[in-house]
Protein chains: 2
Amino acid sequence: MQRDGAVLFSGWLAGEAMDKLNEETSRGDEAGRPTLKTIAFMTGLGVTTVSRALKDAPEIGEETRRRVQLVARQVGYRPNRAGVRLRTGKTNVISLVLNTDEQIMSFVSDIIYGVSEVLAATPYHLIVTPYSHAQDPMDPVRYVVETGSADGIIISRTQPDDPRVRYMIERNFPFATHGRTEAGLAHPFHDFDNHAFAVEAVRRLASLGRRRLALLTPPQGLTYHQHTVDGFADALSETGASEIPFNTVSIDHSMEQIRARTAQLMRRENRPDGFISSAGAATLALVAGIEDVGLKLGRDVDVVSKQSSPILHLFRPELHLINEDFRLAGRELARSVLGWIGGKSPQSLQSLSVPRAVEPAAP
Amino acid sequence: MQRDGAVLFSGWLAGEAMDKLNEETSRGDEAGRPTLKTIAFMTGLGVTTVSRALKDAPEIGEETRRRVQLVARQVGYRPNRAGVRLRTGKTNVISLVLNTDEQIMSFVSDIIYGVSEVLAATPYHLIVTPYSHAQDPMDPVRYVVETGSADGIIISRTQPDDPRVRYMIERNFPFATHGRTEAGLAHPFHDFDNHAFAVEAVRRLASLGRRRLALLTPPQGLTYHQHTVDGFADALSETGASEIPFNTVSIDHSMEQIRARTAQLMRRENRPDGFISSAGAATLALVAGIEDVGLKLGRDVDVVSKQSSPILHLFRPELHLINEDFRLAGRELARSVLGWIGGKSPQSLQSLSVPRAVEPAAP
DNA sequence: TTCACTTTCTGTAACGTTACAGACGCTTGC
DNA sequence: GCAAGCGTCTGTAACGTTACAGAAAGTGAA
């Protein structure tokens with residue numbers, strides 16, 4: 001019987017055999033997707049055997065395994081996700097939780113593409129779970145965990161003592177954060193070294209002779225706000241430069257607000273001669289504010305900015321830029337969640353990305 | 001019995017009752033999510049009745065329906081997606097198919113947020129299915145349709161005779177396209193009126209006295225490329241302006257290429273005195289190319305550009321801008337697929353977005 | 001009283017998968 | 001010669017849901 005099967009299917013499936021199958025499996029309708037039952041019938045084996053053969057279980061004979069896998073490939077078998085999910089609870093889904101008010105241009109697209117790149121080689125699908133500023137950031141996380149609609153979660157806008165992180169750890173739910181926490185909880189993360197960014201930026205400005213520096217910070221409350229501020233402070237004392245406070249806006253504010261506040265600041269007597277901006281989009285507004293009062297980049301003031309897409313040098317060649325690669329972040333975050341799901345230790349799934357300065361392209 | 005149930009659960013669930021349930025449903029483990037079985041036990045009804053009561057089927061008594069729905073709400077019942085999907089084939093998922101080489105900034109994020117906004121009020125999840133330039137655009141579509149991993153698909157970069165559209169129509173698979181087709185197939189779409197955009201743009205340039213106009217087009221082969229080119233041609237003859245060919249690059253090319261080609265063009269004798277750019281990011285490069293040869297915006301040349309995020313006026317106030325709202329597109333596209341899934345006619349699910357000029361904000 | 005019909009509810013089976021507890025035939029050791 | 005063990009394979013049950021066929025009780029007409 002088994003040998004017959006091997007002979008029968010080594011070429012390919014005759015029309016009669018297909019009809020027989022449809023009868024046998026009592027499906028009058030047109031073919032439909034092949035299931036384990038289809039393959040079981042074709043090989044003359046039981047569904048259990050087929051199931052095991054396809055996942056290389058040890059108790060299956062070498063020849064049987066090969067035969068089953070051959071047939072499966074030929075008929076284009078794909079496991080039914082709903083079947084697997086219902087039986088095992090495994091969803092093969094990663095949820096990316098995003099804030100719909102995110103200001104940083106290209107953050108969303110790049111991180112999605114990064115995550116996708118990694119997931120493409122796996123059976124995982126990517127589902128996007130958005131929330132707005134009107135909602136508790138906990139909502140989407142709670143939803144996914146409670147309904148079990150994903151096997152892992154990626155979050156951003158991480159806080160030093162992030163309630164979402166506590167929640168997921170308590171429930172033993174795999175996740176990775178974009179940004180670090182500081183509550184002594186071990187979990188996978190990927191972060192950009194914003195401390196190093198700020199230090200680099202201050203040094204650059206200092207080397208240009210700038211002494212009165214202002215910092216356009218990340219949003220209050222997020223971990224990387226503190227990292228940035230700390231790096232700024234450390235480098236100030238290292239270089240002996242001084243800070244001109246600029247706390248009325250952050251990169252989360254609207255372009256109009258940033259522009260207006262910058263102009264206001266630049267009209268003061270003791271105005272800064274150097275700026276550090278934590279986001280590319282914000283820098284556009286910042287520069288507009290500087291120029292609104294008639295000051296000139298590179299002459300009256302220098303600006304160092306982070307950017308996540310390579311457009312700022314087209315805007316003003318005088319800008320000093322440091323790249324943050326969100327696509328890389330997406331890849332790392334995806335690898336991290338998958339790693340945790342796969343049983344690796346959280347500590348081994350943490351990574352930090354080092355700032356890299358960009359030189360202007362020759363025209 | 002029914003009345004007992006009503007009384008028992010009108011307050012809330014006593015500890016003993018809960019134990020009883022766990023015994024009865026033979027689950028020793030901690031609670032777990034409530035299922036139909038849970039509610040069936042609690043109300044003393046059959047699972048079938050509960051299932052029907054929750055979806056307001058007509059053959060359920062008024063009181064029973066209310067009782068079931070009350071209990072369901074109380075225990076926080078959520079239908080198990082895998083169960084529904086396995087039984088009915090309905091996934092409650094919409095797949096957004098995206099090209100990972102998309103140049104247009106904010107396209108991805110805005111369209112995702114738009115789609116999400118609409119899906120948020122439904123049981124649908126959004127899954128992102130990306131493909132790279134290395135792949136056949138058909139791949140992701142085929143994958144989703146063949147594996148039945150979504151109930152509907154949203155695609156972009158639509159072509160006049162798009163094979164994906166043919167494929168999905170043949171298979172009777174609900175979808176919506178960002179952009180129109182021209183093969184006489186009726187299907188839901190949302191599109192920006194690029195013909196009108198080009199006409200508006202030419203008129204604007206003509207009104208500024210510009211007579212030799214160049215067009216930076218959308219990618220060849222996409223429907224809106226032709227729409228744009230047609231609008232451009234129509235308005236040229238209307239205004240009597242002439243075209244300076246600029247066909248060596250499109251908005252899909254890299255910034256470097258656009259910049260270089262623009263500079264090259266501007267060094268010619270018969271250089272354009274007006275540009276129309278079909279994308280915001282490309283405009284940055286275009287303007288850089290213009291300025292590379294020492295020409296000045298507003299004096300030597302005027303540029304009209306589409307933009308999808310409000311940053312170009314910060315870049316150069318002299319730019320003439322027309323907004324394209326991708327978040328709106330996302331909303332419309334989501335509404336369209338859902339409508340088709342819900343049985344509405346494809347013809348009734350088509351919409352066109354009208355260009356709107358942007359005036360510079362006062363500093 | 002009986003029959004037909006309606007209203008409201010119920011049990012069974014099935015979707016595709018995997019865990020589990022065997023079953024079968026062969027070898028091996030005593 | 002027999003029990004134990006091994007290597008392969010199998011059937012049954014279950015995950016949570018809904019379609020379907022039907023049952024029980026009540027209503028009304030004859």
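Chain letters run A, B, ... following the sequence lines, proteins first, then strands; residues in each count from 1. Here the structure is a predicted model, which means the values were calculated and not measured.
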**Message:** OP1 or OP2 of C/dT18 versus the side-chain N and O atoms of A/Ser51: is any pair under 4.0 Å?
**Reply:** yes
**Asked** Within the pair B/Lys37 and D/dG16, is there a side-chain N or O less than 4.0 Å away from OP1 or OP2?
**Response** no
**Whole angstrom value for the distance that separates P of D/dC15 from CG of A/Asn80** = 18 Å
**Message:** Does a side-chain N or O of B/Thr64 approach OP1 or OP2 of C/dT8 to a distance below 4.0 Å, or not?
**Reply:** no
**Message:** In this structure, is the centre-to-centre distance between the rings of A/His187 and A/Phe175 below 6.0 Å?
**Reply:** yes
**Message:** So A/Arg52, base contact, sugar-phosphate only, or nothing? Heavy-atom distance under 4.0 Å.
**Reply:** base
**Message:** If you assign B/Val47 and A/Tyr77 each to the DNA chain C nucleotide with the nearest heavy atom, which residue ends up on the more 5' nucleotide?
**Reply:** B/Val47
**Request:** Counting heavy atoms from C-beta on, name the nucleotide in D/dG16, D/dT10, C/dT10 closest to the side chain of B/Thr49.
**Result:** C/dT10
**Asked** Taking atom P of D/dG16 as reference, at what distance in whole Å does atom CZ of B/Arg78 sit?
**Response** 16 Å
**Fill in**
Rounded to whole Å, the CD-P distance (A/Glu62 to D/dT8) equals 9 Å
**Fill in**
The nucleotide from D/dT17, D/dA13, D/dT10 with an atom nearest the side chain of B/Val84 is D/dT17
**Item:** Backbone of A/Asp151 reached by a side-chain donor or acceptor of A/Thr91 within 3.5 Å
**Value:** yes
**Request:** Take atom CD of B/Glu59 and atom C1' of C/dC5, then tell me their distance rounded to the nearest Å.
**Result:** 16 Å
**Asked** Any side-chain donor paired with an acceptor under 3.5 Å for A/Thr100 and A/Ser132?
**Response** no
**Message:** Does B/Gly46 reach a base, just sugar-phosphate, or nothing at all? Heavy atoms under 4.0 Å.
**Reply:** sugar-phosphate
**Request:** Under 4.0 Å between any heavy atoms, over every strand shown, what does A/Thr48 touch: base, sugar-phosphate, or nothing? Just pick one.
**Result:** base
**Request:** Return no unless some side-chain N or O of A/Thr88 is found under 4.0 Å from OP1 or OP2 of C/dA19.
**Result:** no
**Prompt:** Checking all strands, does B/Leu36 fall into the base, sugar-phosphate, or nothing category for heavy-atom contacts under 4.0 angstrom?
**Reply:** base
**Complete:** Rounding to 0.5 Å, atoms CG (B/Leu96) and CD1 (B/Ile127) come to a distance of 10.0 Å
**Prompt:** Has the side chain of B/Arg87 got a donor or acceptor atom sitting under 3.5 Å from an opposite partner on the base of D/dT17?
**Reply:** no
**Asked** Considering only side-chain heavy atoms of B/Thr35, which listed nucleotide, C/dG16, D/dT10, D/dG16, is closest?
**Response** D/dG16
**Asked** Would A/Ser109 and B/Ser109 count as having a side-chain donor-acceptor pair, cut-off 3.5 Å?
**Response** no
**Request:** Round to a whole Å and report the spacing from CD of B/Glu63 to P of C/dT7.
**Result:** 18 Å
**Request:** Please state how far atom CZ in B/Arg81 lies from atom P in D/dG16, giving the value in whole angstrom units.
**Result:** 16 Å
**Request:** Check the distance between D/dG11's C1' and A/Phe41's CZ and give it to me in whole angstrom.
**Result:** 18 Å
**Message:** Distance alone, cut at 3.5 Å: any donor-acceptor contact between the side chains of A/Thr181 and A/Asp162?
**Reply:** no
**Nucleotide C/dC9, atom P - distance to CG of B/Asp56 in whole Å** = 14 Å
